[in-house]
Number of protein chains: 2
Amino acid sequence: MPRGDDKLSGQTTPTINDVAALAGVSKKTVSRFINKSSLMSDATRDKVSRAIKQLGYVPNPQARALALRRNFMIAMLHDNPNGQTVLNFQKGVLAAIKDSELALAVRPVDRTSPELLVEIEAFLSMQRPLGVLILPPISERDDIVDLCKRLDIAYMRIGSTALDDPAHCVASNDRAVVHELTTALLAKGHRDIGFVRGPEGFRSPVEREAGFRDAFADSGVTLDESLIGQGNYRFDSGLEAGRALLGRKNRPSAIFASNDEMASGVLHAAYSFGLSVPDDLEVVGFDDTATASHVWPTLTTVHWPIEEMGRLAAMKLVSEFLGGTTDEFDLDQVVVDSYIVERASARLT
Amino acid sequence: MPRGDDKLSGQTTPTINDVAALAGVSKKTVSRFINKSSLMSDATRDKVSRAIKQLGYVPNPQARALALRRNFMIAMLHDNPNGQTVLNFQKGVLAAIKDSELALAVRPVDRTSPELLVEIEAFLSMQRPLGVLILPPISERDDIVDLCKRLDIAYMRIGSTALDDPAHCVASNDRAVVHELTTALLAKGHRDIGFVRGPEGFRSPVEREAGFRDAFADSGVTLDESLIGQGNYRFDSGLEAGRALLGRKNRPSAIFASNDEMASGVLHAAYSFGLSVPDDLEVVGFDDTATASHVWPTLTTVHWPIEEMGRLAAMKLVSEFLGGTTDEFDLDQVVVDSYIVERASARLT
DNA sequence: TTGTAAGCGTTATCAG
DNA sequence: CTGATAACGCTTACAA
């Protein structure tokens with residue numbers, strides 16, 4: 001019983017040998033067809049193609065993996081506190097590889113672990129994925145990227161700004177869109193706008209804050225530094241920063257929280273002060289996760305195109321392995337635009 | 001250059017042959033050690049173990065996959081509209097396989113697609129995972145399970161009630177805990193309690209509604225059928241059902257929404273009627289997703305132990321491949337208990 | 001343009 | 001209990 005016989009039906013899964021025999025060519029020729037080699041006569045190509053169709057042959061990824069020293073999967077590496085973000089990104093990636101033979105392996109890591117690099121190396125050299133998608137914030141770490149290079153594994157870094165050359169990153173334009181939203185608040189007449197910053201040590205909080213400051217500078221309005229509070233992207237930190245800002249004598253008339261979860265905390269802070277949103281206070285967030293439309297009032301926020309970024313990143317990463325279908329999109333595209341979503345917590349018009 | 005030489009360092013990744021040579025045994029013996037065969041003398045076992053440690057040898061999963069016709073990964077099959085649920089489950093699974101050599105492949109499917117089974121078969125026979133974790137609601141489908149059996153792939157069904165024999169399922173006790181929570185509302189004096197049902201055609205909504213009805217029956221209170229509204233587990237349906245219930249002449253004094261997202265919709269409905277929660281209306285949900293603590297007021301709900309279920313399911317699924325570490329938990333455990341989480345939207349004491 | 005032979009790194013068979 | 005030998009299904013030299 002040499003090959004993968006099907007227990008119940010007695011059918012045998014066709015292998016490259018069966019195809020070769022039926023087409024009357026060598027297995028190497030079939031292999032060439034599978035790998036889309038250009039060195040084939042149209043006649044043979046046709047014969048092989050017909051035989052494959054007739055047998056319903058599907059190349060065995062495990063065998064290819066062994067021969068090619070490369071598994072037919074892509075990996076998602078992340079240490080992201082926000083589940084919704086990871087999930088939305090994952091959705092985009094899966095959409096991109098839906099019709100391919102690729103699998104998606106998800107690998108959460110702990111960025112605070114001293115074993116981080118060792119663990120990632122173990123994972124990568126074990127699974128040997130075709131490529132790795134690295135999510136923020138660990139996408140900012142050069143040591144992880146160096147590891148990928150050393151292991152000769154393709155990688156794609158995701159970030160709030162371009163973190164690498166166009167072949168290796170996908171980014172959103174956080175700074176520009178925060179600038180836009182802040183400018184809209186200023187144009188409405190707000191002068192005392194609070195800002196809740198994200199965690200220190202990462203890039204996206206820096207970008208978002210920079211956009212906020214840019215808007216003040218460009219509008220010629222002086223920014224009151226004491227209205228900038230520190231958060232860490234979690235709900236509780238938004239609640240706390242919101243309480244601090246709203247407890248001041250001259251409380252702000254609007255608060256920009258640099259993500260939705262903190263914005264949701266700010267809403268709770270407003271309630272605890274008996275303030276009505278948006279009448280007494282306008283609140284805006286960033287991300288447009290499910291939270292944004294489930295809080296009361298619904299949150300005016302920035303749609304962070306994380307799903308679309310996942311799709312683009314996966315496309316770029318695997319394009320070389322899927323030759324052909326790459327025409328639909330631009331391999332050099334790096335930035336996926338964010339946009340403002342106006343809901344109830346702040347009216348912009 | 002026969003083997004996997006490391007480009008930069010010139011080091012060579014050790015293979016089973018290197019181990020065999022160093023230990024002075026045949027590769028088959030090393031293979032026996034790797035596969036934890038009991039047919040080995042302690043002396044050889046020791047020699048091999050030492051050689052492996054010395055070389056830092058790690059078996060190549062691709063080669064094993066080819067020989068064993070089985071990939072070293074487990075797959076998660078789902079068509080779940082709730083991202084948070086999928087993600088929490090995933091967290092549990094990853095915790096279970098964290099220290100193993102296994103990868104987790106995520107596979108969302110479309111249960112409404114006529115190609116569903118074909119697609120799943122293509123995926124499974126391609127990737128040949130060690131096992132499949134099937135999430136609700138598709139875990140209820142026997143055709144998918146039959147497919148797994150035919151392909152000889154281990155499976156584990158997740159559900160709101162035991163869907164299979166103990167070796168093949170993990171379940172929560174939705175009916176019992178809804179009974180408990182409803183009883184608590186009745187004990188507080190509520191008589192007109194609205195209920196927002198989940199989508200038709202699935203098991204968990206049936207279980208949750210049954211628990212609700214049980215409580216009325218056991219408490220000897222007559223249930224007003226017109227207070228039972230239909231939802232579909234989405235926010236909007238909760239909003240709509242909530243509006244319908246609250247627009248009645250004799251509006252309910254409490255509403256049990258069968259998941260948090262719909263409960264959140266009910267809260268919005270209450271606001272739109274100018275009702276204050278929990279003073280004018282008490283609201284409870286089910287799931288205890290992040291939403292529950294981010295809405296205002298925070299939601300009294302049932303903690304659905306989806307993460308723990310993921311952990312248990314993965315443990316049970318892979319226990320046979322990871323011999324040894326299985327002592328810590330009970331392989332026959334099926335039910336993971338849910339429990340009530342009291343927050344602000346309903347006070348139970 | 002095509003085919004032959006020799007791997008890829010592991011496990012199964014079956015004899016010792 | 002151990003080991004030679006032949007798979008597993010595909011790809012990469014290297015010829016032809």
Side-chain angles (χ1 to χ4, degrees), chain A residues 1-6 12-48 51-52 55 57-72 101 125-128 130 152 321, chain B residues 1-6 12-48 51-52 55-72 101 125-128 130 321:
Chain A
M1 196 159 45
R3 272 192 310 277
D5 291 28
D6 185 306
T12 183
T13 315
T15 74
I16 198 170
N17 291 303
D18 301 320
V19 177
L22 180 60
V25 298
S26 76
K27 51 199 277 201
K28 177 63 213 180
T29 299
V30 179
S31 170
R32 286 201 180 86
F33 179 88
I34 295 169
N35 295 289
K36 304 185 173 62
S37 161
S38 51
L39 304 142
M40 287 181 76
S41 74
D42 285 349
T44 0
R45 201 190 305 276
D46 219 57
K47 273 194 299 188
V48 175
I52 287 179
L55 291 170
Y57 166 71
V58 179
N60 178 316
Q62 284 77 46
R64 302 187 74 194
L66 179 56
L68 291 167
R69 303 150 159 289
R70 195 111 298 182
N71 228 330
F72 284 83
E101 60 204 307
S125 53
M126 191 118 202
Q127 295 297 335
R128 294 178 182 274
L130 284 187
D152 194 30
F321 303 101
Chain B
M1 197 162 44
R3 273 192 311 278
D5 291 29
D6 187 304
T12 182
T13 315
T15 74
I16 198 170
N17 290 305
D18 301 321
V19 176
L22 179 60
V25 297
S26 76
K27 49 200 279 200
K28 177 63 208 178
T29 299
V30 179
S31 170
R32 285 199 182 88
F33 179 87
I34 295 168
N35 294 288
K36 303 187 174 63
S37 161
S38 50
L39 303 141
M40 286 181 78
S41 74
D42 286 348
T44 4
R45 203 191 304 278
D46 218 57
K47 273 194 298 189
V48 175
I52 287 178
L55 292 170
Y57 166 72
V58 179
N60 177 315
Q62 284 80 46
R64 301 187 75 192
L66 178 57
L68 291 168
R69 304 153 157 291
R70 194 113 300 180
N71 229 331
F72 285 83
E101 60 204 308
S125 53
M126 193 118 201
Q127 296 296 336
R128 291 178 184 276
L130 283 187
F321 304 100

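Chain letters run A, B, ... following the sequence lines, proteins first and then strands; every chain starts at 1. Only a predicted model underlies this, so the values are computations on that prediction, with no experimental measurement involved.
Note that CG of A/Asn71 is 7.5 Å distant from CD of B/Gln127, once rounded to the nearest 0.5 Å. Here B/Tyr57 contributes atom OH and B/Thr13 contributes atom OG1; the two are 11.0 Å apart, rounded to the nearest 0.5 Å. Note that CZ of A/Arg69 is 8.5 Å distant from CG of B/Asn60, once rounded to the nearest 0.5 Å. For the atom pair CG of B/Leu66 and CG of B/Leu68, the computed distance is 9.0 Å after rounding to the nearest 0.5 Å.
The closest donor-acceptor contact from the side chain of A/Asp46 to the backbone of A/Ala43 lies at 3.5 Å or more, if one exists at all.
Within the 4.0 Å cut-off from OP1 or OP2 of D/dG9, at least one side-chain nitrogen or oxygen of B/Arg69 is found. Distances shorter than 4.0 Å separate some side-chain N or O of B/Ser41 from OP1 or OP2 on D/dT2. Listed pair B/Thr29 / D/dC1 fails the phosphate criterion, with no side-chain N or O lying under 4.0 Å from OP1 or OP2. Under 4.0 angstrom from either OP1 or OP2 of D/dC1 there lies no side-chain N or O belonging to B/Thr44.
Relative to the axis of its first five pairs, the axis of the last five pairs of the helix from C/dT1-D/dA16 to C/dG16-D/dC1 sits at 30°, rounded to 10 degrees.
Across all their heavy atoms, B/Met40 and B/Arg45 have their closest contact at O-NH2, 3.1 Å.
A/Asn35 and A/Arg64 form a side-chain donor-acceptor contact under 3.5 Å, judged by distance and modelled atom types alone.
Atom CG of B/Asn71 and atom P of D/dG9 are 14 Å apart (whole Å). Rounded to whole Å, the distance from CG on B/Asp18 to C1' on C/dG9 is 11 Å. Atom-to-atom, CD of B/Gln62 to P of D/dT11 comes out at 14 Å; the value is rounded to the nearest Å. If you take CZ of A/Arg70 and P of C/dG9, they are 13 Å apart, rounded to a whole angstrom. Regarding B/Lys47, its NZ atom lies at a distance of 14 Å from the P atom of D/dC1, rounded to whole Å.
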note = Once base and sugar-phosphate atoms are separated, protein heavy atoms under 4.0 Å mark nucleotides 10-16 of chain C, 5' to 3', with B, S and - as BBBB---
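Between B/Ile16 and B/Ile34, some side-chain heavy-atom pair lies under the 4.5 Å cut-off.
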Please tabulate, one pair per line, all N/O donor-acceptor pairs under 3.5 Å involving side-chain atoms of residues 19-28 of chain B, not counting sequence neighbours.
{"residue": "B/Ser26", "atom": "OG", "partner": "B/Lys28", "partner atom": "N", "Å": "3.4"}
{"residue": "B/Ser26", "atom": "OG", "partner": "B/Thr29", "partner atom": "N", "Å": "3.3"}
{"residue": "B/Ser26", "atom": "OG", "partner": "B/Thr29", "partner atom": "OG1", "Å": "3.3"}

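Remark on DNA chain D: of its neighbouring residues B/Leu66 and B/Met40, the 5'-side contact belongs to B/Met40, judged by nearest-heavy-atom nucleotide.
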